[in-house]
Every structure is written in C-alpha cells, then in structure tokens.
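Beneath this line is the structure, given in structure tokens, with notes to follow.
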Number of protein chains: 2
Amino acid sequence: MASRTIENYLKQIYLSRPADEAQWLTMGKLSAAVGVTPGTATSMVRAISDAHLVEYEPRAGVRLTPAGEQLALHVLRRHRLIELLLVQVLGLDWSEVHEDAEELEHVVSDRLLMKIDEILQHPAFDPHGDPIPTAGGVIRRQDCCTLLDCPLGEPTSIARILDQSAEFLQYVNQCGLLPGAEIRVANRNHQAQTVELMAIKSGENQVVAMSFSVAEKFLVQLNEQKK
Amino acid sequence: MASRTIENYLKQIYLSRPADEAQWLTMGKLSAAVGVTPGTATSMVRAISDAHLVEYEPRAGVRLTPAGEQLALHVLRRHRLIELLLVQVLGLDWSEVHEDAEELEHVVSDRLLMKIDEILQHPAFDPHGDPIPTAGGVIRRQDCCTLLDCPLGEPTSIARILDQSAEFLQYVNQCGLLPGAEIRVANRNHQAQTVELMAIKSGENQVVAMSFSVAEKFLVQLNEQKK
DNA sequence: TAATTAACTTTGTCTTATCAAAGTCAATTG
DNA sequence: CAATTGACTTTGATAAGACAAAGTTAATTA
Ligand SMILES: [Mn+2]
Ligand SMILES: [Mn+2]
Ligand SMILES: [Mn+2]
Ligand SMILES: [Mn+2]
C-alpha cells in the first residue's frame, strides 16, 4: 500500500500536471505543490518511480504511469466524496472542509467510502463543483468556460470554483455564486478589466462586479433549455 | 501536538491500566496492547515520559500523568464518537467500525468532532455501550454488573459488551443482546458453568444459554422502574 | 544461598521522510 | 562561444519509529 506521503505526491502530480499532455511536470512545480524542498521531491519521486507509479527523467520532470494515475484518482475520489459528506451530512461550511479532507483522504477504508457514496447517492460533483472520479477511476471532463469566455446575456449557471482558499470561498458565499447558482453575464469592460453579472437569487436579481482575474476563477455552464 | 503513535500509546496505557490504581502498567502488557516489541515500547515510553505525559520507572512500569490522561481521554472520545457516527449515520455494522475508528481518531479535527457530537445529540455511549468522555475529559463511571453477578429473575438490560472482536459482536447480534436489549437472567448452573437468560425481543421471549466465561463479557444494568 | 528464568532494557541497525548546503547541468545572455 | 544564472540533483545529517539480538535485573526455584 502507498504511504500517505506517496498518495499526496501522486495527487499533486495529477492536479499540477500541465494542460499539454506531452509536457512533463517540473520538479520545481511539484516540490512547491507538495510543500517540500526540491531535494526532497527529487528523492521521493525517485522512490515512487522505483514503484512504477511515475516516470521520472532527471532535469525533465515527472509524469504518472497508468497505475499511478489510477491511484491518484482514487485519492481524489476519497477527497471529494469526503468534502461533500462534511458539507451535506455533517453541516460544515464548504469553505472549511478542505483541510479535514486532506487528512481523511488517506484513512477512509474502501468499505466506509462505499457507504459514504451510497448516502450521498453517488454524486458526480463535490461542493466546489470539482468532478468526483468513479470507483473505477474514470473522471468526466466538463465542458465549461470561465466568466471571461462565456457568452453575454444568456442564462448560465456557476459550475465550479477554481480558487478554493477559505477566504475566497467565503466571498463567493456572500455573492451567492455557489455552484448551481443561476446567473447572466451582463457586460465586460475591457478598459476597467471588470465583469458585471446578475445573480438570480430566489427571483431577485443581484448585481455583482469583479475583475477579470477573479472572473477567471469561476467556471460556468450554459443552462440547458428544455424544449 | 502528540503524534498518532503517542496517541495510540496513551490510549492503550489508559485502557490497559490495572484496576488497582496503585499498580503500574507493566511494559510487557503495554507492548502487547500496542503491538510492538518490548524494546520499542521501552524507548517510546521514555520519550513520552520526557514530554511529561507519563511517569516511567524502569522495571516497574508506566502510569499516565494528569496531562497524559486528558490526552488519552480525548483520543477515546474521538474514537467512540466516530464509532457511533459510523453506525448511526453511515450505516456500518457495529462489528466492523473499530478498525476505521482506530485510524480516524487521529485525524478528526476539533471542529469536525463538534459537528459529529451535535449530530449525534451529545451521546453518552458508543455502539458497544462504552462511555464517551465529555469534551472536558470527564468519563462517567457506570455501575454495572456482569451476567455472572447480576440478580436472577429481575428485568435488566444489556449495557455494554467487553469483547469487541468482530466475530463475537456478530454472535451478539444473532442473540439480540445489543446494548439496550431487555433481558432476564433465568438461571445459573454452576456444575455446567452456564447462564440461561431470556432475551425479550419485541414481546417474544427467546432463550439464550452461554458459558460463564462468555457471560462475563456482558455488563448489564437493572431496569429502572418508573414508579 | 546459589542457580535459573522470565521480564525488561540496551545496543545497533533499518526505513521513511525531511532539510541545508554543496555540486551540476543547461539555457540564456553578452 | 564563453560566462552567468536558475533549476535541479547530490550529499550528508537528522528525527521518528520500528526490530533483533545481546545484556541486565529481580524474582523464583532448588
Ligand atoms: Mn492529503
Ligand atoms: Mn473540492
Ligand atoms: Mn488508533
Ligand atoms: Mn467501542
């Protein structure tokens, strides 16, 4: 069994992997993501590579093998199911579940995880809108755009929040922009670098404005129009 | 913060402490309880003693300091609240929650524990009838007797199961002798070394017989007669 | 009282995970 | 093309936690 340290490395390698699949994750990025010195990351990655969970090329970087990716996705599944359990069943605020999940993800047994999955009725997304990998290690790709790319004036919904720091999530709470919230992007001001949008909150419209850099942290989906 | 290793040692020192308060727990008992070699226990106890959580006398044994006992009781509180959560909220069988709780007890934050305690409505006992220490580290002493000592013929209830191996708990399940079950001890046969009792199960009486050595594993309480 | 033995402690070694600091490589700059 | 620089790797050290095996005690037996 992989130690909790190895589980954390694999998960970070998965989460920090470059968008371009041909690229490898550099050791600098990885050591920063895991929170250790570069030398530590190098020696750990060597060990993980001996276990055939990653490929490692000195001075090039690191990449998950299929076995390593499966393990990473299982950790991610545990993390996200736990986050949802903490919010939906135990009533914690979504801005404060991450730290607990970070520990619990290494300790929850398969048996317990199955019960959690059942109770939550096999959910597809965690409280932040992150997709939950299936028990088989498959993750569904969402086709989302950010508040910067999405069409103006059309009814859309918040799908996912990319900045998951507690402070930012509390701000998101205040604006009522949780995943699932219905909105309409009113306008983008390229001079002011701001986005203005309507949050449709129980019939009432609330106007929210944010900078481009913040708008990028929201993924949205066009509302499916039932015909 | 105490490491999970130290938490486990403190909890075992608490649970394995001799009934006679003047006695010290021997290193042999402790190393067996924790599941390490005697040498390992000696060196760990030395370290824990340096942290003033236990007193240690070579060749005499080990005893918790007040600070160590508080820590042990907090771990025990976490363990037992978690067990109850797993049974009552997540629907695991009470015979299979111990292993999960053994890991989770080191990882659940104070914040999360408070939520668990709330949801369970501040319970006093875990699924096996073991008392749950308060947040302040106080544990209520139950005045119970075993199926060997308790009066014959009077209506009593199962209060606590002392053998918590999965196999034994499954047997207890079959007999319907879970904590809270109403029973009446019919007879003790000192020649055959057996106890016969009635389990009052939804009106119907079911007769159960067990040896003295098994009867000792059940703690019972006289039913309070509301006048 | 002397010999034996069981329980305990010590010693030496191992594994995992970490850091600081020194060394190396390769990409950029002049 | 040489020099410089930043990113990475190596080396050496440390801490926690564990085991095996050798060495001590102290209690029991003779
Ligand atoms: Mn983690
Ligand atoms: Mn999440
Ligand atoms: Mn434990
Ligand atoms: Mn219990």
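Below, chain A is the first sequence line, B the second, and so on; all start at residue 1.
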Round to the nearest Å and state the distance from B:Ile48 atom CD1 to D:dA18 atom C1'.
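My rounded result for the distance is 14 Å.
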Roughly how many Å is it from CE in B:Met44 to C1' in D:dA16, rounded to a whole number?
8 Å
Restricting to non-hydrogen atoms, name the atom on [X] and the atom on [Y] that form the minimum distance, rounded to 0.1 Å.
X: B:Thr146; Y: B:Val220; value: O-CG2, 4.2 Å
X: B:Gly137; Y: B:Leu73; value: O-CD1, 3.1 Å
X: B:Ile139; Y: B:Pro133; value: CD1-CG, 3.9 Å

Let me check something: any side-chain donor-acceptor pairs from residues 162-173 of chain A under 3.5 Å, sequence neighbours excluded? List them with distances.
| from | atom 1 | to | atom 2 | distance (Å) |
| --- | --- | --- | --- | --- |
| A:Asp163 | OD1 | A:Ser165 | N | 2.9 |
| A:Asp163 | OD1 | A:Ser165 | OG | 3.0 |
| A:Asp163 | OD2 | A:Lys217 | NZ | 2.8 |
| A:Gln164 | NE2 | A:Asp130 | OD1 | 3.3 |
| A:Gln164 | NE2 | A:Asp130 | OD2 | 2.7 |
| A:Gln164 | NE2 | A:Ile161 | O | 3.2 |
| A:Ser165 | OG | A:Phe168 | N | 3.4 |
| A:Gln170 | NE2 | A:Ser95 | OG | 3.2 |

Do nucleotides 6-15 of chain C as a string where each nucleotide becomes B, S or -: B if the base has a protein heavy atom under 4.0 Å, S if just the sugar-phosphate does, - if no protein is that close.
-BBBB-----
Salt bridge or not between A:Glu103 and A:Arg4? Use side-chain N to carboxylate O under 4.0 Å.
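Salt bridge: yes.
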Answer yes or no: is there an ion pair linking B:Glu69 with B:Arg17, defined by an N-O contact shorter than 4.0 Å?
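Looking at B:Arg17 together with B:Glu69, the answer is no, because their closest N to O distance does not fall below 4.0 Å.
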Hey, are B:His79 and B:Asp126 close enough side-chain-wise for a donor-acceptor pair under 3.5 Å?
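No, B:His79 and B:Asp126 have no side-chain donor paired with an acceptor closer than 3.5 Å.
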Under a 4.0 Å heavy-atom cut-off, which of residues 1-18 of chain B touch DNA chain D?
B:Ser3, B:Thr5, B:Tyr9
NZ/A:Lys115 to CG/A:Asp117 distance, rounded to the nearest 0.5 angstrom?
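Those atoms lie 11.5 Å apart.
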